[in-house]
Each structure stands twice: as structure tokens, then as C-alpha cells.
There are 4 protein chains.
Amino acid sequence: MSAPAAPPSPSRRGRPVDPEARAARTRQILDGARRCFLRKGFHASSTAEISAEAGVSVANLYQYFPTKDDLVLALVEDDLRSDLELIALVARAPTLREGLQAASHAMYADAGFADLSRLRLDVLTEASRTPAVTAAVRAAEEKMVAAIAALLERAHANGEIDSRIAPRAAAALILSLTDGLGCRFAFHAPGVEALSDASTLFILRALGARIN
Amino acid sequence: MSAPAAPPSPSRRGRPVDPEARAARTRQILDGARRCFLRKGFHASSTAEISAEAGVSVANLYQYFPTKDDLVLALVEDDLRSDLELIALVARAPTLREGLQAASHAMYADAGFADLSRLRLDVLTEASRTPAVTAAVRAAEEKMVAAIAALLERAHANGEIDSRIAPRAAAALILSLTDGLGCRFAFHAPGVEALSDASTLFILRALGARIN
Amino acid sequence: MSAPAAPPSPSRRGRPVDPEARAARTRQILDGARRCFLRKGFHASSTAEISAEAGVSVANLYQYFPTKDDLVLALVEDDLRSDLELIALVARAPTLREGLQAASHAMYADAGFADLSRLRLDVLTEASRTPAVTAAVRAAEEKMVAAIAALLERAHANGEIDSRIAPRAAAALILSLTDGLGCRFAFHAPGVEALSDASTLFILRALGARIN
Amino acid sequence: MSAPAAPPSPSRRGRPVDPEARAARTRQILDGARRCFLRKGFHASSTAEISAEAGVSVANLYQYFPTKDDLVLALVEDDLRSDLELIALVARAPTLREGLQAASHAMYADAGFADLSRLRLDVLTEASRTPAVTAAVRAAEEKMVAAIAALLERAHANGEIDSRIAPRAAAALILSLTDGLGCRFAFHAPGVEALSDASTLFILRALGARIN
DNA sequence: GATGAATGAGTGTTCATTCAT
DNA sequence: CATGAATGAACACTCATTCAT
């Protein structure tokens, strides 16, 4: 049987997809969205403003993110990535204490930390009502908790801390403290800048680390 | 300074204002607003829904609160009042430890705590962009910090805690931790219920209390 | 017991409703909508155009008609009213034949009949997919059928027609013929004007009326 | 004149066009469009949905039909073809009466007749505003009228009917009745199923056929 | 004081269509 | 030819707020 000349695979017809261009556009849009959300917040940023800021047409934005909420979802994953990097920074330090201090400085010394906190507030608020965002934030939280808990277990094995609190609980509490501090940065609570060092100490003492 | 628009000076002619009736209406509207915000959040609650929930006409609402944001302002002051009562509860306990545990149970055992946290998130988000709300939240924060710091100083005088952290800083950190936990309640972080007890312990150890 | 002075009935507080003004506005909007739909059709008429044509703001339109479809619903009822008047005209004629001829002339001689038919087509198309409109059109149809069937029964009693077709079926068929003719007016079928007289004859013969 | 854009003249250089492949694609797209229009109507069917249903890219669709309206045009001609076949069926019957009854059963017994009528309504509505569609529908109407008129003339010659109505007028009225019945199927008029038989009788009596 | 009526300025999202590969 | 990418122009509907009674 002579096989009829098959077309060169039907999925190869037409214009091929360029994954790099797609990724670049995605990033471009996401950066625009982030700038808008930082500046005006989630609800105050219209899709028109976002796409203008990103240098894209509104309709094009919708081809990459079918919903305004999907922008938030993507930002959550973005931020998770950089947050995990911060934890990796802590892990690379010789002691937990030094690691925490380094991370603390990296975070709170950042001039844009108040902005980031505002964005985090927007995300959390959205997460508190929109199921899709809830799920994304929960998943991110889970990974953060796991990463920090691993750190604490290592420190415990090293005899660095004497935590009678379970590692995962401690991790969640550290994250809580960080978020709470972020809230205070977000509304410029009086004297909030002084808290960054105090918070590291607070955490270490709570973990039973030897301080002096 | 913030909430209900002051009625015209009573020395004027015309129908004399009835301050009690005015206060009652204010309460009525505020309660409706709170229910709406709890249920749907700040941005998703229209003034129409709020006034319907309160059993008032929209125009009437505007005679008591000239702006939607003014509702938030008033709620902030409401909540400050009940939060200060919670601190008074701690103060009445024989030891700081027992006080904190009582407060913790009072807060987290409340079935509606997740809702309250969502509302708090809404308020903080609004505070992060709207100057008037920023001011109100900052003022409330100031009072909360002062009240808790006083508690800590007393506990220190009693030898109950050995805090090397300044009382005001410690107070701010305790509040931060509470807000951060609220965030986790708001998006139903996995295992968040287990954190309520752990958080009290966390705080006490950070303060250098003897846990036994 | 001295009854406390009751307020003058709570429903009487505030600005009283003016039913006439409301009815006038409703008419004003409906007329604007009709003109728009006649000119451009239902889907091509935006709510902005409709309200502009009616001399009302868009938001105001939505206070009277909560949905664009509700405009259609109201138009259906409007048209039902005038259609029933046309049937009443037939009923007032001495014989069915004269009545039908009068009605036929009144309809088809109207210069705007093609426009009306276009509108009718829009309504029917909408009725074919939108449940609310379906229901309205069906209800109107039911009333039209009943009215015409009554006419036919009277004519039968008078010995004017010898219909072996049940009155309601005959009524529905007459309406069908009318709608079908309307379609042809709508797209200006070649020679459609000549059909108006022929259709009356067609109907009368189908009903078994003595013609010559 | 209407449907698929003519391929570039075959005498040109470059890849030679394959008329069969082109015709197949045209069919494929048209079938998808028909299914979409049947299911959701003309305005509610986006070109994206249509091309997805047809299994083609949107851009490809536009290479065969330069406008969404052109799809309607092509469908009109498709339907004309099958309608003429139905008339041929009538012509093959020994008597007009039997032919009409056969056709009537073929039409109304079809379970999808309501859907077809909805589609017809869409087409007529579009024809009432879009010149190109107007022309197509008028041309189709002309052919239908001619075909039916021929039938009636033959029946008249056979002494089967005694129509004092001109054949073309009678033909147009028969088509009108059919369209009007279709409208009623489209919105599921109460009791519409019973009308199919009654309509044949109605027509025959109007044409002066002896019913016995 | 309290209400019904009114509105300008948006809101997120969709669509028919074109262009580049 | 066939496809993916891009877009301008709309669209139905909403909202916080003001005005008149």
C-alpha cells in the first residue's frame, strides 16, 4: 500500500509560535501591571491604564491574561519566586541569626518596601474574596512555610535554636510577623523603620536562640 | 475629625436637631455598612447596597457620611474602641501570660474572626492609599501601641518579662503578629487555626517570660 | 393609654413619588428606543444611542428599564395594545369582510409599515433566543389569537363564513400570514405592495366566505 | 456575487489553486457557521466561535468569507437550494394537494424545524438592514415565487384549483404563510404544532381546491 | 430630615477585522 | 494557504455623588 503523502504534520501549518516573544510580552504586561498596582492599587487601576502603562492595547492584554484577576495571580507567582530567593539567601548564611539579619536588611532597607507592602496588601485583600487568588496565595504560603521550616529544622539540628514550637508553626508566625510589619510600612506607622532590627531580635528570642 | 458630619450649630433657628436621633441614625448606617463590608468587602459594596442594608435612602446616608471613605473612618474608630477593650481585658488578668491567653482565645475563638480579618484587610488597603484613612489608622495604631506598651512596662516592673526590646517596639511587633495572623485567617491559610496558641507562646518567649 | 404621637406614616417621609412624571419619562424613553430600533435595529442600537435619542442619561434609562431587553418587553406590550385596537376596528365593521379590508388598508397603506415590520422582525428574533422576550411575545400572541378567534366565531354565527378550520387555528394562520407579509415588506420583496389586497381575498376564501 | 471570495485567476503564477480543496474548506466553514448560528443566533456567534466550530483559524475564515455577513449570504443560497428541492418534491406529486401535504409533513415533522425557523429569522432580520443580504434574500424569494407559481399554473391547467388570485401573488402568500408559521415555531407559540395540517387545508381552500 | 430622581465618568470585557510569519 | 498576534472601537451596565421636593 503506498501511503498518501501526509501533510508535514497538521500542527505545523501556519505561523509558528515564538515562545520567546510570548514570554517577553507576558513580562512586559506584567511589569506594567505591577507598576500600576504599586502606584494606584488594584481596584483603582483600570485595564486601560494597565495596558497603556505596559505599552499594549487592551485587547492584546486580554489575549495574555483573560481576566484582570489573572494579573494578580501571575504577580503572586512572581513574588513567590523572589521571596524564595530571599529565603535561599538566609540558608546560605553561616548561622540562622546572621541569615535573618541579612534578609531583614535586604527587605526593610529597600526604599520601595512600603510600595511592595502596599501591593502585598492589595493581593491579600483580593485573595480574601476571590477564590482563584485565594488558591494562589495559599499555595505560595505553603511553599514559603515549607522553605522556612526547613531552615528552622536545620538550625535546630545545629543546636542554634531550642524551639519548642513546631517548625511549621514557627515559620508561619515569622511570615505573619513580616506581613504585619508590611502593613505598618504600608500606612507609614509612626516609628516603623525602627522595627526592622527589633523584629529580628524578637524572632530569635522567640525561637530560643542565644542572643547576647 | 472624622465620622459623622457635625449637625448645624444648635443655636441656629429652624427645626432643632435631636442629637440622640442623629446618633441613632449614625449607628444604624454604620452597622449596615459594617455588615456589607464584612460580607462583600469595601469596593464590592455600593452605597446603594449599604443604604439598603441599613434601611436608609442613599441620599440620607450622604447626609451623615459625606463620602464612602468616611464610613471606613468611622469603622476604624469603632474598632479601636473594641480593641482597646480587649487590651483592658488583658490588663485585668493577674499575669501578662494569662491575659494574653485570654485575649488570644477571645479573638481567635470567635467564629467570625476570618470575616473581621477580611474587614481589617479592607481597611488597611484603603489606609494605604487614602490620606484620611491613613491618618485615622495611624492614630488608632498609636493608641494601641501606647496601651500595650503600658502593659508591658507593668509586666517588666513585676519581673514577669525580661524584655530587652523597648516596650513600644515590642507592642508594635505584637500588633504586627496579630495583623499577620489575621491575614492568614483572611485567606484561610492551611493550618491557621493551630497558630492561635502557638502565637501566644511565641510572643511570651520573645518577651523573655519564663514559660516553665 | 395615651398613644405616642405616631409619625405621619413612615412611608410618607421624604419626597413623594409623582406617578405622572414617571409615566411620562417611561414613555419618553420608550419612544426614543422605538425610534432607534426602527432606524438601526435592536442589536445595532446601543444604550448610549437610545438614551441620547430619548434625551435622557444612560444611567437614568437604567432606572426605568433595568435591562436593554426590558425595552423590548415594553415595546411588545405597546404594540399589543395597538394591534388589539386594530382588531377592535375589524369588530366594529358590519361584516367580517369589510372589517378585514379596512384593517388591511389601515396596515399596509401606512407608509411606515415596512419600518414596523422590521421592528417586528427584531422583536421576533430576540424572542427566539431570550426567554423573557419569548414569554412576552407568547402572551401577546395568545391575546391576539383569542381576539381574532372571537371575531371568527361571530362571523360563523352570522353565517358569514363556513370555516371548517377551528377558530383559534384560523386566527393563528391569519396572524402567520400577516407576519409573513411583514417579513416581505421588511426586505422589500419585489411586488409586495400588490399583496395587501390579495391577502384579504386569500384569507376570506380560505375561511369559506362568499366573495363575488 | 456573494459567497466565497473568488480565488486568484488560475493563469497567474505561484502555487496553483486547488478548486476542490477550496470548495471543501468553504463547505467546512459554512457548516460550522450554520451550526453556530443555529445554536446561538447570528449576533451571538462570534467569528472566533464560528471558526473554532469549523476547525479553522479566524484568519483563515476571513480568506474565504471577507465579512461575517458573507456567511449569511452563502447560507441564504444554500437554503435556497434545499427549498427549491422541496418544491420539486411537490411538483413530483400527482396532485397539488398531495404535494403540499407531503411538503408540509417534510417541513414540520422535522424535529429541528424550530431551529431552522430561528435561523431564518436571523437571516431575515439581517436582510432587513444589510443591503447585500437584502439583495440575496430578494433574489432567493424571486426564484421561490417563480417555482411555486409554475406549480400553481399547472394545477390551474389541470382544473385542480380555481384561483382567482394571480399565481405569483398566491405563491408569495403561500411563502408568507410558511414564514409566519416559522416565526411561531421560533418562539414556540402555544399550540403551534397543530397548525401544520390546518395550514395546508387553509391554503387549499384559499386556492379554491375542492376539499370534499 | 428624608426621600426619589438624575447623571458623568467610568468598568471590565468583547468583537470583527487586519497584519506578519 | 494557514496561522498566531494585534488592535480600535464599542458595549451593556454600574457607581459615587448631587439636586429637588
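This structure is a prediction, so every number in the text was calculated from the model and none was measured.
Residues from residues 121-129 of chain A that place a heavy atom under 4.0 Å from any atom of DNA chain E: there are none. For DNA chain F, none of the residues of residues 27-36 of chain C falls under the heavy-atom distance limit of 4.0 Å. Taking a 4.0 Å limit (strictly below) on heavy-atom distances, residues 70-78 of chain A does not reach DNA chain E anywhere.
Identified under the side chain to side chain donor-acceptor pair (under 3.5 Å) test for residues 128-137 of chain C, with sequence neighbours left out: C/Glu126-C/Thr130, C/Arg129-D/Asp122. Counting only residues at least two apart or in different chains, salt bridge (Lys or Arg N to Asp or Glu O under 4.0 Å) contacts with residues 41-50 of chain D comprise D/Lys40-D/Glu49.
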Take nucleotides 15-21 of chain E nucleotide by nucleotide from the 5' end and write B, S or -, depending on whether a protein heavy atom sits under 4.0 Å from the base, only from the sugar-phosphate, or from neither.
BBBBBBB
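Within the 4.0 angstrom heavy-atom criterion, no nucleotide atom of any strand lies near A/Phe65.
With sequence neighbours left out, B/Glu53 forms a salt bridge (charged side-chain N to carboxylate O under 4.0 Å, His left out) with B/Arg35, B/Arg39. Annotation: side chain to side chain donor-acceptor pair (under 3.5 Å) contacts of B/Asp115 (sequence neighbours excluded): B/Arg118. Under the ring pair (Phe, Tyr, Trp, His ring centres under 6.0 Å) criterion, A/Phe42 pairs with A/Phe37, not counting sequence neighbours. With sequence neighbours left out, A/Arg34 forms a salt bridge (charged side-chain N to carboxylate O under 4.0 Å, His left out) with A/Asp78, A/Asp79. For C/Asp70, the salt bridge (charged side-chain N to carboxylate O under 4.0 Å, His left out) test picks out no residue, with sequence neighbours left out.
Each of C/Val17 and C/Gly55 was matched to the nucleotide of DNA chain E holding its nearest heavy atom; the match closer to the 5' end belongs to C/Val17.
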Side chain to side chain contact (heavy atoms under 4.5 Å, CB included) between C/Leu73 and C/Thr67, worked out:
CA-CA 10 Å; C/Leu73 257 55; C/Thr67 284; over 6 Å; no
Between B/Arg25 and B/Asn60, does the side chain to side chain contact (heavy atoms under 4.5 Å, CB included) criterion hold? Intermediate values first, please.
CA-CA 10 Å; B/Arg25 266 271 142 121; B/Asn60 197 209; 2.5 Å; yes
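Of the charged side-chain nitrogens involved, none lies within less than 4.0 Å of a carboxylate oxygen, so that A/Arg22 and A/Asp18 do not count as a salt-bridged pair.
Under the 4.5 Å side-chain criterion, counting only non-hydrogen atoms from C-beta, A/Val56 is not in contact with A/Tyr64.
Residue D/Val137 comes nearest to D/Ala127 through the heavy atom pair CG2-CB, 3.6 Å, listed as atom of the first residue, atom of the second, then distance. Scanning all heavy atoms of the two residues, the minimum distance from A/Thr47 to A/Leu61 falls at O-CD1, 4.3 Å. Contact record, B/Leu121 with A/Leu124: CD1-O, 3.8 Å, taken as the closest heavy-atom pair.
In this entry the distance linking CD of D/Glu20 with C1' of F/dC1 reads 17 Å, nearest Å. Note: CG (A/Asn60) to P (F/dA9) measures 16 Å, nearest angstrom. In this entry the distance linking CZ of C/Arg25 with P of E/dA5 reads 11 Å, nearest Å.
With rounding to the nearest 0.5 Å, the separation of SG in C/Cys36 from CG in C/Asp31 is 11.5 Å. Put simply, CD on D/Glu77 and CG on D/Leu30 are 10.0 Å apart, with the number rounded to the nearest 0.5 Å.
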Dot-bracket, 5' to 3', for DNA chain F please: Watson-Crick or G-U pairs under 3.5 Å, [ ] where pairs cross earlier ones, | where the partner sits on another strand, dots elsewhere.
.||||||||||||||||||||
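Considering only side-chain N and O atoms, C/Tyr64 lies nowhere under 4.0 angstrom from the phosphate OP1 or OP2 of E/dA5.
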